[in-house]
Amino acid sequence: MIPIHPRLYLFSLRTPLAAVCLMLALALTLVPTLAAADEEVNLYSARKEALIKPLLDRFTEETGIQVNLVTGKADALLQRLKTEGANSPADLLLTVDAGNLHRAKADQLTQPFSSEVVENAVASTYRDPNGHWVGLSLRARPILYVKGKVDPSELSTYEALADPQWKGRICIRSSSNVYNQSLVASIIAADGTEAAQAWAEAIVANMARPPKGGDRDQIKAAAAGQCDIAIANTYYLAGMLSSDDPGEKAPAEQVAVFWPNQPGAGDGRGTHVNVSGAAITAAAKNKEAAVKLIEFLVSPESQAWYAEVNGEYPVREGVEISPVLAEWGRFEADDLDLIELGELNGAALMLMDRAGWK
């Protein structure tokens, strides 16, 4: 549209026809601007606000799309989506673990989407094959051992933790924790149900105490002498090592990371990994904007932020990891398609229950 000089506005308004034309021109000019300003994404996030809000603010700065954030526990957000149904205001779900992403899909709370940007950025291992969800960051669940109490040469695989030498020496979370459910699901996928059942029963027998607390609590219990081995996600350890709180940092400094199931150890399938991920809700009213947000979150800049600030591994290749993670060295990750973790979640939970894993 040809711009109208300000001095001509008053002159042109002296005739009714000219005034109408001018008003129409202004309206047509403003409509796209108002539409862009009204773009928004309603996001339900199981990630804490501090772990995602800076990225969302950056997205809004770059695109003009407003992100309305609601945070909560993963289970609570899934239940909220079920309750709200088609009336849910949520466009996008961010949650942790492939098990939760699979549950959302199985409960028909998500819808498929396609994006060349996402497909080019994220390996198919970390995406739902039907396009219902995509991983945004990786976390590994290795073996942590107390320095001076365990010689790393004694360690090899997850399966070897079933050996009697570890009786009364292992700290691990409860069976209600989805991270452990996915770990057991990965063992079912690798070794079969019967072998996984025997493994779970042996792990229960080797526990130093009944399961309690989160991953950080397992690390602190190991540092306090309650056990020699802890199983925990890497980003919890990274967060403790980066903390200014001596109560967090000191225990973390007493343990070291061992990458189980590396080539040459057992089947060499690699260390168990999982994702935090995103899914567009079935009720999404702003699907296009939600896809733009997902594309932003898998960009090199966002992936680098995840790695540096959250202590997680990027899902996108070629992105530098944080110095804390780099100190632990490189490792081979299990290349199991993560959709299998979700599909085997129910079997894993029943297996753990039969094993007496509280």
Side-chain angles (χ1 to χ4, degrees), residues 46-48 50-52 96-98 135-152 154-158 161 166 169-174 177-183 186 203 207-209 211-262 270-276 303-315 319-334:
R47 305 301 304 267
K48 293 180 180 179
L51 300 181
I52 190 67
V96 293
D97 201 279
L136 299 178
S137 63
L138 280 174
R139 63 278 303 278
R141 196 163 183 76
I143 298 170
L144 308 182
Y145 64 92
V146 178
K147 300 172 185 176
K149 288 190 175 182
V150 176
D151 188 325
E154 300 177 82
L155 300 168
S156 58
T157 65
Y158 293 110
L161 293 179
W166 302 113
R169 302 176 69 185
I170 297 176
C171 285
I172 191 167
R173 288 173 80 161
S174 74
N177 174 246
V178 71
Y179 304 151
N180 282 339
Q181 293 166 17
S182 288
L183 174 60
S186 75
I203 291 296
M207 290 180 185
R209 61 176 190 173
K212 62 179 179 179
D215 279 13
R216 290 174 185 256
D217 296 303
Q218 313 313 311
I219 297 169
K220 291 176 181 178
Q226 297 180 38
C227 50
D228 299 332
I229 294 290
I231 306 296
N233 283 353
T234 43
Y235 65 90
Y236 287 111
L237 180 61
M240 293 173 73
L241 289 169
S242 302
S243 176
D244 294 327
D245 181 355
E248 295 284 312
K249 188 169 186 176
E253 290 176 335
Q254 295 184 52
V255 302
V257 174
F258 181 84
W259 302 114
N261 297 80
Q262 295 301 284
T271 298
H272 172 64
V273 295
N274 212 312
V275 293
S276 71
Q303 290 288 294
W305 189 90
Y306 265 119
E308 182 64 33
V309 177
N310 290 357
E312 295 180 278
Y313 292 92
V315 291
V319 177
E320 190 173 342
I321 61 177
S322 73
V324 173
L325 272 59
E327 287 182 7
W328 301 334
R330 300 183 65 84
F331 69 95
E332 292 293 326
D334 189 348

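FYI, side chains are in, hydrogens and waters are out, and symmetry mates aren't considered; it's all heavy atoms of this structure. Everything quoted here is computed from the prediction, not taken from an experiment. Residue indices begin at 1 and follow the sequence shown.
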Exercise: identify the closest heavy-atom pair between [X] and [Y]:
X      : Y      : result
Lys212 : Asp217 : O-CB, 4.4 Å
Val273 : Ala333 : CG1-CB, 3.7 Å
Ser242 : Val324 : OG-CG2, 3.8 Å
Ala238 : Leu325 : CB-CD1, 4.0 Å
Ser186 : Asp334 : CB-OD2, 4.4 Å
Pro314 : Ile321 : CD-CG2, 3.8 Å

Considering residues at least two apart in sequence or located in another chain, which fulfil the side chain to side chain contact (heavy atoms under 4.5 Å, CB included) criterion with [X]?
X      : value
Glu320 : none
Arg173 : Arg141, Asn177, Tyr179, Asn180, Asp215, Gln218, Tyr236
Thr157 : Glu159, Ala160, Asn261, Ala265

A side-chain contact here means heavy atoms from C-beta on lying under 4.5 Å apart; do [X] and [Y] qualify?
X      : Y      : value
Leu241 : Glu327 : no
Leu144 : Ile231 : no
Pro260 : Thr271 : yes
Ile143 : Ile229 : yes
Ser182 : His272 : yes
Leu161 : Trp166 : yes
Ile52  : Tyr306 : yes
Met240 : Glu253 : no

From CA spacing to verdict: side chain to side chain contact (heavy atoms under 4.5 Å, CB included), Ile170, Cys227: CA-CA 6 Å; Ile170 297 176; Cys227 50; 5.9 Å; no
Worked verdict on Trp328 versus Leu237 for side chain to side chain contact (heavy atoms under 4.5 Å, CB included): CA-CA 11 Å; Trp328 301 334; Leu237 180 61; 3.6 Å; yes
Within the side chain of [X], is there an N or O that forms a donor-acceptor pair under 3.5 Å with the backbone of [Y]?
X      : Y      : value
Asn233 : Tyr235 : no
Glu154 : Pro152 : no
Gln303 : Leu136 : yes
Asp97  : Asn274 : no

Enclosure of Lys149 NZ (heavy-atom neighbours >12, cutoff 6.0 Å):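 Yes, because the 6.0 Å sphere around NZ of Lys149 holds more than 12 heavy atoms from other groups.
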From Phe331, Tyr145, Tyr158, residue fulfilling ring pair (Phe, Tyr, Trp, His ring centres under 6.0 Å) relative to Trp259: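 Exactly one pass, corresponding to Phe331.
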Separation between CH2 of Trp305 and OG of Ser322, rounded to the nearest 0.5 Å: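 Rounded to the nearest 0.5 Å, the CH2-OG separation comes to 12.5 Å.
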Donor-acceptor pair between Glu312 and Ser137 side chains, under 3.5 angstrom: yes
